[in-house]
Amino acid sequence: MSAAVAIVGGGIGGLTAALCLAHRGFDVDIIEQAAVLTEVGAGLQLSPNASRILGELGLLDALESVWTEPDAITLVDGKSLRALARVPSGRFARDRWRAPYGVLHRASLQRILISAVTAEPRCRLHLGHRIEGDAEQAIATIVGRTPALIIGADGIWSRLRNAIAGAGTVQFSGNVAWRMTVTRDAAAGLLQPDRVTAFLGARAHLVAYPLREIDGFNLVAIIEGKETDGVWVGKDSEVRRRDYLEAFSTWNNDLQTLLKNAEAPTYWPLCTVTDGAWQDEQKTVLIGDAAHAMTPFAAQGAAMAIEDADALAACLGDANDIGEALRAFEATRRPRIAQVRRRAAFNRFAYHARGPFRLGRDIVLSMKAPEALAADFDWLYGYGAPER
């Protein structure tokens, strides 16, 4: 099947979908409301299930020029700094899961995707256009043709979601993420440039990993928090900063100092999209956060959007008509998304455990060898990998 496709949203999921579809012979228009594409946030983890797809699109060399492949992913007690567990990565990831695990600045991935879309003759990027009213009519006015398929890749606050009966709704998860970057010097002796480190504590955790592009580190501190009137991202404020520093007040002093001195942190109320319809069986489908936004406790938000893009393109390429393709896409992706959601919920419990649950967690982790811990990720990171 070959048809004109319109994608609403020029983020990671939308741009990846455009490339996946173009590689299968589809003509694609990407409509983005921003006049200039910029990526909000800082760091991004690209696990092997996502980097494999980007590699198939011919982007691996560009990614390798800017990212870091950490040697390990480690879990550490946020108070004592005692190592709890280690999952090998680096060369190990490439050998076991047949694709690399990389960390990089989100803006770097955005630039790589934009460059590839711009160079692809089947893709046309339309910036500075907001979809209002009837989506099909608005898109036809912008791009000059009526699309056979409309893909909503417009994020958690998706407008395209309103066009699908029974679609999910946005809800606050009960957690707030604080995102910031620090210099290598500021983190000297505390953060290691060759690994992703998750510091764990009661009701809070902190993830840190190197960003080669800034010669520093990305930090994401996640705490239990209050809903903030639907604000997606906000600047630091004195009241909110007190809340977030209080959550780490019993942690290691050096970590507390690092968090206190970080410049210009931003807070993100972590919202999800409840389970609901993703497509109308006719010509509109949602991917990524627009369909199934989840909490970041499994670090799979971007990866799921990338997987969606690849799966949707495959279903469209194999089906006889669009309705069949959309049903196949949803049937393929729903079990996978549900499994990743369950893992994120489990990680949330484990990372923020306290009392006897924390002690039990630490005992279980101490009994597992690094390779055994890595095997627990085969279903996630090995998704789509060729047989070893």
Side-chain angles (χ1 to χ4, degrees), residues 43 45-52 68-103 175 190-210 217 219-222 250-252 255 294-301 303-304 335-388:
Q45 299 179 58
L46 280 180
S47 48
N49 48 308
S51 68
R52 177 177 303 106
T68 298
E69 293 182 40
D71 291 335
I73 303 160
T74 58
L75 303 182
V76 175
D77 185 280
K79 186 174 183 179
S80 67
L81 300 189
R82 178 170 60 91
L84 302 174
R86 178 181 179 275
V87 178
S89 189
R91 185 70 254 174
F92 178 93
R94 286 179 177 257
D95 291 340
R96 186 176 187 93
W97 299 304
R98 295 295 188 262
Y101 195 121
V103 293
N175 290 97
L190 187 60
L191 304 181
Q192 304 301 315
D194 62 348
R195 67 195 62 182
V196 175
T197 305
F199 298 93
L200 311 185
R203 299 188 177 92
H205 77 281
L206 171 69
V207 177
Y209 50 85
F217 293 86
L219 303 183
V220 183
I222 298 182
T250 63
W251 281 41
N252 171 269
L255 281 176
M294 60 185 69
T295 56
F297 287 85
Q300 287 294 303
M304 290 302 102
R336 172 72 168 172
I337 295 299
Q339 190 176 18
V340 176
R341 281 186 186 271
R342 288 192 295 270
R343 182 56 186 247
F346 172 79
N347 286 355
R348 176 181 180 175
F349 171 77
Y351 286 5
H352 292 187
R354 50 191 182 274
F357 293 109
R358 179 183 63 82
L359 295 175
R361 175 201 69 195
D362 293 353
I363 290 170
V364 170
L365 288 174
S366 69
M367 295 173 64
K368 282 204 165 189
E371 290 75 14
L373 286 170
D376 291 340
F377 290 92
D378 285 350
W379 68 272
L380 181 58
Y381 296 161
Y383 187 75
E387 292 294 329
R388 291 195 297 271

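Between Ala385 and Arg52, the shortest heavy-atom contact is CB-NH2, 3.3 Å. For the pair Arg336 and Leu380, the tightest heavy-atom approach, listed with the atom from each and the gap, is NH2-O, 2.9 Å. Across all non-hydrogen atoms, the minimal contact from Ser366 to Ile363 is OG-O, 2.7 Å. The two residues Val103 and Pro210 come nearest to each other via the heavy atoms CG2-O, 3.4 Å. Looking at every heavy atom in both residues, Gln45 comes nearest to Ala299 through NE2-CB, 3.8 Å.
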Got a list of side-chain donor-acceptor pairs under 3.5 Å for residues 199-208, not counting sequence neighbours?
from: His205; atom 1: ND1; to: His352; atom 2: NE2; distance (Å): 2.9

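Sorted by first and then second residue, the pairs that involve residues 340-349 and meet side-chain hydrogen bond (donor to acceptor under 3.5 Å, both in side chains), not counting sequence neighbours, are Asn175-Arg348, Arg343-Asn347. Pairs passing the salt bridge (charged side-chain N to carboxylate O under 4.0 Å, His left out) check and including a residue from residues 76-89, sequence neighbours excluded, read Arg82-Asp362.
Within the 4.5 Å cutoff, side-chain heavy atoms of Leu191 are placed close to those of Leu219. Contact annotation: the side chain of Pro296 approaches that of Ile222 to within less than 4.5 Å [non-hydrogen atoms, C-beta and beyond]. A 4.5 Å side-chain heavy-atom check between Pro193 and Phe217 finds at least one atom pair inside the cut-off. Side-chain contact between Val340 and Trp379: present, with at least one pair of heavy atoms (C-beta onward) separated by less than 4.5 Å.
To the nearest 0.5 angstrom, Thr68 atom OG1 is 11.0 Å from Tyr209 atom OH. Expressed to the nearest 0.5 Å, how far CD of Gln339 lies from OH of Tyr383 amounts to 9.5 Å. Between Leu84 atom CG and Leu365 atom CG the span is 6.0 Å, to the nearest 0.5 Å.
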Could you go through the side-chain contact (heavy atoms from CB on, under 4.5 Å) check for Val87 and Val196 one step at a time?
CA-CA 10 Å; Val87 178; Val196 175; over 6 Å; no
For Leu46 and Glu69: C-alpha separation, side-chain torsions, deciding distance, then whether side-chain contact (heavy atoms from CB on, under 4.5 Å) applies.
CA-CA 10 Å; Leu46 280 180; Glu69 293 182 40; over 6 Å; no
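Checked by atom type and distance alone, the side chain of Arg361 pairs as donor or acceptor with a backbone atom of Ala350 at under 3.5 Å. Between the side chain of Ser51 and the backbone N or O of Ala99 there is no donor-acceptor pair closer than 3.5 Å.
Classification of the Tyr381-Tyr101 ring pair by plane angle, with boundaries at 30° and 60°, yields perpendicular.
With sequence neighbours excluded, the residues satisfying side chain to side chain contact (heavy atoms under 4.5 Å, CB included) with Phe92 are Pro88, Arg96, Trp97, Glu371, Ala374. Under the side chain to side chain contact (heavy atoms under 4.5 Å, CB included) criterion, Ala345 pairs with no residue at all, not counting sequence neighbours. Lys368 meets the side chain to side chain contact (heavy atoms under 4.5 Å, CB included) test with Leu373, Asp376; sequence neighbours excluded.
Between the side chains of Thr197 and Gln192, no donor-acceptor pair is found at a separation under 3.5 Å.
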